[in-house]
Amino acid sequence: MADDDAYDLGQGAGFYVNATRAPWKEHFQMYDYIVHELRAVLQGALPVNGAQGITGHSMGGHGALVIAFRNPALFRSVSAFAPIVNPTRSDWGRKQLCAYLGHDESAWTSYDASLLLEQHGWQGDILIDQGDSDQFLDLLKPEAMAKVITEKRQPGVVRLQPGYDHSYYFVSSFGADHVKWHAERLKA
């Protein structure tokens, strides 16, 4: 499949994994890009104090959660807007994980936020906002993250926002909450 045949695979849809399969593996190393390259650029260009948080929307929310949970020494706070939280159990996630990582489902678990949280926990609390009118709600699986947070007694909240969909209007409506939330946790 060419990288532009589907909006959810390929160009702009790297799923924040380090792809291991052709044709993706040469250029689709989004996990390493965020964890290593982007962080280095930001640290070199901005007056940062070493405390870092991460957030994202949809696939970016998936990436933020996975990256934070896999790198607790690097991130002090994590939040997400309408993230894909259980891609190994979602038709949407299974499509991308198979394309980027192959058919061996054991390779997928290190890119599933719900499984990572269940297995390793997180040192802080978690903030997730999800619209209850999101057209992708069944694919995002927010109930999986809420279940793990409850079962693990993990500090965190999945806020279901009435009347909001998957749009950037949703993100902009609660963006200030997330900025404030991160700022409180990143104080040195």
Side-chain angles (χ1 to χ4, degrees), residues 1 3 5-36 54-75 78-132 134-160 165-166:
M1 171 179 276
D3 62 0
D5 286 350
Y7 77 93
D8 60 346
L9 183 68
Q11 293 287 7
F15 226 66
Y16 297 88
V17 303
N18 284 335
T20 58
R21 291 187 60 197
W24 318 107
K25 68 180 179 179
E26 185 178 355
H27 299 290
F28 284 69
Q29 302 296 307
M30 286 298 293
Y31 177 86
D32 280 349
Y33 170 72
I34 299 295
V35 172
H36 303 293
I54 188 167
T55 189
H57 172 241
S58 191
M59 186 186 314
H62 152 77
L65 294 169
V66 165
I67 289 168
F69 295 165
R70 287 180 60 178
N71 297 278
L74 299 179
F75 297 97
V78 62
S79 73
F81 299 91
I84 304 164
V85 297
N86 195 206
T88 61
R89 298 294 174 248
S90 164
D91 290 342
W92 209 357
R94 294 178 65 76
K95 171 186 173 183
Q96 284 86 1
L97 294 172
C98 185
Y100 295 131
L101 302 174
H103 297 287
D104 178 5
E105 294 185 21
S106 67
W108 303 357
T109 59
S110 62
Y111 294 106
D112 186 305
S114 293
L115 296 177
L116 289 168
L117 184 63
E118 182 177 41
Q119 295 166 0
H120 306 290
W122 169 249
Q123 77 268 11
D125 53 344
I126 303 161
L127 174 61
I128 297 174
D129 274 310
Q130 173 65 61
D132 75 350
D134 191 316
Q135 61 271 39
F136 303 116
L137 194 57
D138 291 339
L139 298 168
L140 301 174
K141 305 283 186 195
E143 65 279 358
M145 183 61 70
K147 181 179 184 221
V148 174
I149 286 172
T150 300
E151 288 177 353
K152 296 285 287 185
R153 297 183 178 156
Q154 169 69 48
V157 62
V158 177
R159 302 189 310 189
L160 196 59
D165 62 10
H166 201 75

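Because the structure is predicted, anything quoted here is derived from the model rather than measured.
- Atom CD of residue Q29 and atom CG of residue N18 lie 4.0 Å apart, to the nearest 0.5 angstrom.
- Interatomic distance, CG of L117 versus NZ of K152, reported as 7.5 Å (0.5 Å rounding).
- A heavy-atom distance below 4.5 Å is not found between the side chains of V66 and Y16.
- If you take OH on Y111 and CD1 on I67, they are separated by 9.0 Å, rounding to the nearest 0.5 Å.
- Qualifying ring-ring contact (aromatic ring centres under 6.0 Å, His included) partners for W108, counting only residues two or more places apart in sequence or in other chains: none.
- No more than 12 heavy atoms of other residues, nucleotides or ligands lie within 6.0 Å of NE2 in H27, so this atom counts as exposed by the packing criterion.
- Residues P142 and V158 share a closest heavy-atom pair of CB-CG1, 4.3 Å.
- By the side-chain contact (heavy atoms from CB on, under 4.5 Å) test, R21 pairs with C98, H103, sequence neighbours left out.
- Looking at residues two or more places apart in sequence or on another chain, you find a side chain to side chain donor-acceptor pair (under 3.5 Å) between D134 and Q130, H166.
- Annotation: the span from L65 atom CG to I128 atom CD1 amounts to 5.0 Å, rounded to 0.5 Å.
- Although no hydrogens or angles enter the test, the distance criterion places a donor-acceptor pair under 3.5 Å between the side chain of H62 and the main chain of F15.
- Taking the six-membered ring where tryptophan is involved, the planes of Y100 and W24 are perpendicular, since the angle between them exceeds 60° and thus also 30°.
- Taking OG1 of T55 as the reference point, atom CG of L127 lies at 7.5 Å (rounded to 0.5 Å).
- For D91, there are no side chain to side chain donor-acceptor pair (under 3.5 Å) partners at least two apart in sequence or on another chain.
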Pair H120, F69 - check side chain to side chain contact (heavy atoms under 4.5 Å, CB included), show working. CA-CA 8 Å; H120 306 290; F69 295 165; over 6 Å; no
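- For E105, the salt bridge (charged side-chain N to carboxylate O under 4.0 Å, His left out) partners are R94, not counting sequence neighbours.
- Checking side-chain atoms of Q123 against main-chain N and O of A73 turns up no donor-acceptor pair under 3.5 Å.
- To the nearest 0.5 angstrom, M59 atom CE is 10.5 Å from L140 atom CG.
- Every residue meeting the ring-ring contact (aromatic ring centres under 6.0 Å, His included) condition with F81, not counting sequence neighbours, appears here in chain and number order: H178.
- Smallest separation of non-hydrogen atoms from A19 and K25: O-CB, 3.3 Å.
- Every residue meeting the salt bridge (charged side-chain N to carboxylate O under 4.0 Å, His left out) condition with D129, not counting sequence neighbours, appears here in chain and number order: R159.
- Residues in residues 140-151 take part in these salt bridge (Lys or Arg N to Asp or Glu O under 4.0 Å) pairs, two or more places apart or across chains: K147-E151.
- Remark: D32 pairs with no residue by the salt bridge (charged side-chain N to carboxylate O under 4.0 Å, His left out) rule, at least two apart or across chains.
- S114 places a side-chain N or O within 3.5 Å of a backbone atom of V85 that can act as its donor or acceptor partner.
- The side chain to side chain donor-acceptor pair (under 3.5 Å) search around D132 returns none, not counting sequence neighbours.
- In this structure, S90 has no side chain to side chain donor-acceptor pair (under 3.5 Å) partners at least two apart in sequence or on a different chain.
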Test side chain to side chain contact (heavy atoms under 4.5 Å, CB included) on V35 and R70 and set out the steps. CA-CA 10 Å; V35 172; R70 287 180 60 178; over 6 Å; no
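- For the side-chain contact (heavy atoms from CB on, under 4.5 Å) with L97, the lone residue among T88, D104, T109 that qualifies is T88.
- The two atoms that bring A64 and G56 nearest to each other are CB-N, 3.8 Å, heavy atoms only.
- Counting non-hydrogen atoms of other residues, nucleotides and ligands closer than 6.0 Å to CD of Q135 gives a total above 12.
- Screening residues 106-128 for salt bridge (Lys or Arg N to Asp or Glu O under 4.0 Å) gives D125-R185 as the qualifying pairs, with residues at least two apart or on separate chains.
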